Amino acid sequence: MPELPEVETVRAGLERWIVGRTIAAVDSLHPRAVRRHSPGAADLAERLIATTVVAVHRRGKYLWLSLDADTAGSDCLILHLGMSGQLLVSTPQAPDGPHLRGRIRFRDDGTQLRFVDQRTFGAMQLDALRTDGPSETPSSILHIGRDPLDPYFDDRDWIRRTRARRTTIKRALLDQSLMSGVGNIYADEALWRAKLHGDRPTASLSSTQLTTLLTDLRSVFGEALRAGGTSFDALYVDVNGQSGYFDRSLAVYGRAGEACRRCGKPISRAKWMNRSSYFCPGCQPRPRAVRKV
DNA sequence: GTTCGCACCTGAGCGC
DNA sequence: TGCGCTCAGGTGCGAA
């Protein structure tokens, strides 16, 4: 599933392949791919034609292409991969796959940008950039917090706001308004490294513990980035269709029943909010209030 | 205002 | 062989 390292890998690929190119045509091939663009697919295509991609930006799991022309009040194209989205740089001759949802063709008739998305949680949307402190952000994602690799991310502010929440630490990690980019996989990995159970109330954690968690989160992100991201199946690939290999380095996620690399106890898997949570019962004991008898 | 649960969606894997 | 169920999970929305 695309989380921060996977999205950043895609962003870097897009930067290499599409910056400086002018859009000639946009094909929207599935209504859900443009559901967040309320004027509809035809409007999206019409306003993108003849614009040039200036830069590719990312905040958390959101990508956006900055465009050179004022497209009637919108100056960027937001791209979100959802759970299974892929942005592929393909030759015009490459066959359409079964889950092709959108396609951007460029005036140079070279490679195309294809949006492939099996589960249709991803989306494309035109938006206007707004000043957001020291940088610019699309207006519709102003509520998304900065990610921990953002140079303007404020560690102390995140710690203060997290401790003020009346929730658990895993919920807080997945709350994209507090901090973006973290999904289920890297939340479990960072919590394992920090020896914290996901059900620990945020208010019970010290500043030191949260600082350690941030450090561990950044290190797991860095390692995953160097590995090109995590790929459990064919759902995540970079713009050239290549899989990352960080899944080989995961300590807990997807390893239920296997020995913890730190203490040797078998990794547990628990149902959590209609999904799974992986943790080591030895290194990450449940807090007393929710400890199962 | 904050927190939580659920729907959205598709295809692989599994049991019967 | 075919059917039905479960699972995967990011995001937005409504309810409490």
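Protein chains get the first letters and strands the later ones, always in sequence-line order, with residue 1 at the start of each. Since we're looking at a predicted model, the values are computed, not measured.
- Remark: the backbone N or O of A:Gly122 is paired with a side-chain donor or acceptor of A:Asp117 at under 3.5 angstrom.
- A:Leu178 has its CG atom 12 Å from the C1' atom of B:dT3, to the nearest Å.
- The backbone N or O of A:Ala172 lies less than 3.5 Å from no partner atom in the side chain of A:Thr167, so there is not a single donor-acceptor pair.
- Computed from coordinates, the A:His80 NE2 to C:dG12 P distance equals 7 Å when rounded to whole Å.
- When distances are taken from the side chain of A:His143 to each of C:dG12, B:dT10, B:dC9, the shortest belongs to C:dG12.
- Sorted by residue number, the members of residues 154-166 of chain A with any non-hydrogen atom under 4.0 Å from DNA chain B read A:Arg165, A:Arg166.
- Residues A:Asp132 and A:Arg59 are in side-chain contact: their nearest non-hydrogen atoms beyond the backbone lie under 4.5 Å apart.
- Of the possible polar contacts, none joining the A:Glu136 side chain to the A:Thr131 backbone as a donor-acceptor pair under 3.5 Å is found.
- Across C:dT11, B:dG5, B:dT10, the shortest atom-to-atom separation from the side chain of A:His30 is found for B:dT10.
- Residue A:Ile141 contributes atom CD1, which lies 17 Å from atom P of C:dG10 at whole-angstrom precision.
- Paired regions of DNA chain C, where each region holds three or more successive Watson-Crick or G-U pairs whose two hydrogen-bonding distances fall under 3.5 Å, are B:2-16 with C:2-16.
- Within the 4.5 Å cutoff, side-chain heavy atoms of A:Arg262 are placed close to those of A:Trp192.
- Contact annotation: A:Thr167 side-chain N/O to B:dC4 OP1/OP2 distance is under 4.0 Å.
- For the pair A:Met124 CE and C:dT11 P, the computed distance is 17 Å after rounding to whole Å.
- When distances run from any side-chain atom of A:Arg32 to the nucleotides C:dG12, B:dC8, B:dT10, the shortest one goes to B:dC8.
- Ion pairing between A:Lys170 and A:Asp188 holds under the 4.0 Å rule for side-chain N and carboxylate O.
- The aromatic rings of A:Phe153 and A:Trp158 lie tilted to each other, with the angle between the two planes from 30° to 60°.
- The nearest whole Å value for the distance from the CZ atom in A:Arg101 to the C1' atom in B:dT10 is 8 Å.
- A donor-acceptor pair under 3.5 Å is formed between the side chain of A:Arg101 and the backbone N or O of A:Gln118.
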Go through the steps to decide whether A:Glu3 and A:Lys61 satisfy the test salt bridge (Lys or Arg N to Asp or Glu O under 4.0 Å), and finish with yes or no. CA-CA 6 Å; A:Glu3 299 181 34; A:Lys61 303 168 195 172; 5.6 Å; no
When you compare the protein's N or O atoms with those of nucleotides 14-16 of chain C, which come within less than 3.5 Å of each other, and at what distance?
none

Give the intermediate values and the outcome of salt bridge (Lys or Arg N to Asp or Glu O under 4.0 Å) for residues A:Arg11 and A:Glu15. CA-CA 6 Å; A:Arg11 190 206 63 78; A:Glu15 190 168 61; 3.1 Å; yes
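- Proximity note for A:Tyr62 (side chain, C-beta onward) versus C:dG10, C:dT11, B:dC4: the nearest is C:dT11.
- Here C:dG10 presents its P atom at 8 Å from CD of A:Gln176, a figure rounded to the nearest Å.
- Under the side chain to side chain contact (heavy atoms under 4.5 Å, CB included) criterion, A:Ala55 pairs with A:His57, A:Ser66, not counting sequence neighbours.
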Full working for side chain to side chain donor-acceptor pair (under 3.5 Å) between A:Arg130 and A:Thr137: CA-CA 5 Å; A:Arg130 294 280 180 267; A:Thr137 307; over 6 Å; no
Distances for protein N or O near nucleotides 5-8 of chain C N or O, under 3.5 Å:
| unit_1 | atom_1 | unit_2 | atom_2 | d |
| --- | --- | --- | --- | --- |
| C:dC7 | OP2 | A:Lys271 | NZ | 3.3 |
| C:dA8 | OP1 | A:Arg269 | NE | 3.3 |
| C:dA8 | OP1 | A:Arg269 | NH2 | 2.7 |
| C:dA8 | OP1 | A:Ser276 | OG | 2.6 |
| C:dA8 | OP2 | A:Ser276 | OG | 3.2 |
| C:dA8 | O3' | A:Tyr253 | OH | 3.2 |
| C:dA8 | N3 | A:Arg119 | NH1 | 3.4 |
| C:dA8 | N3 | A:Arg119 | NH2 | 3.4 |

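- Rounded to an integer number of Å, the gap from CG of A:Asp117 to P of B:dC8 is 17 Å.
- Counting to the nearest Å, the C1' atom of C:dG10 and the CD1 atom of A:Ile78 are 15 Å from each other.
- Among residues two or more places apart in sequence or in another chain, the side chain to side chain contact (heavy atoms under 4.5 Å, CB included) test is passed with A:Ala42 by none.
- Residue A:Arg35 is classed as having no contact, given no heavy-atom separation below 4.0 Å to the nucleic acid.
- One hydrophobic cluster holds both A:Val19 and A:Leu113 under the rule that ILVMFWY side chains link at heavy-atom gaps under 4.5 Å.
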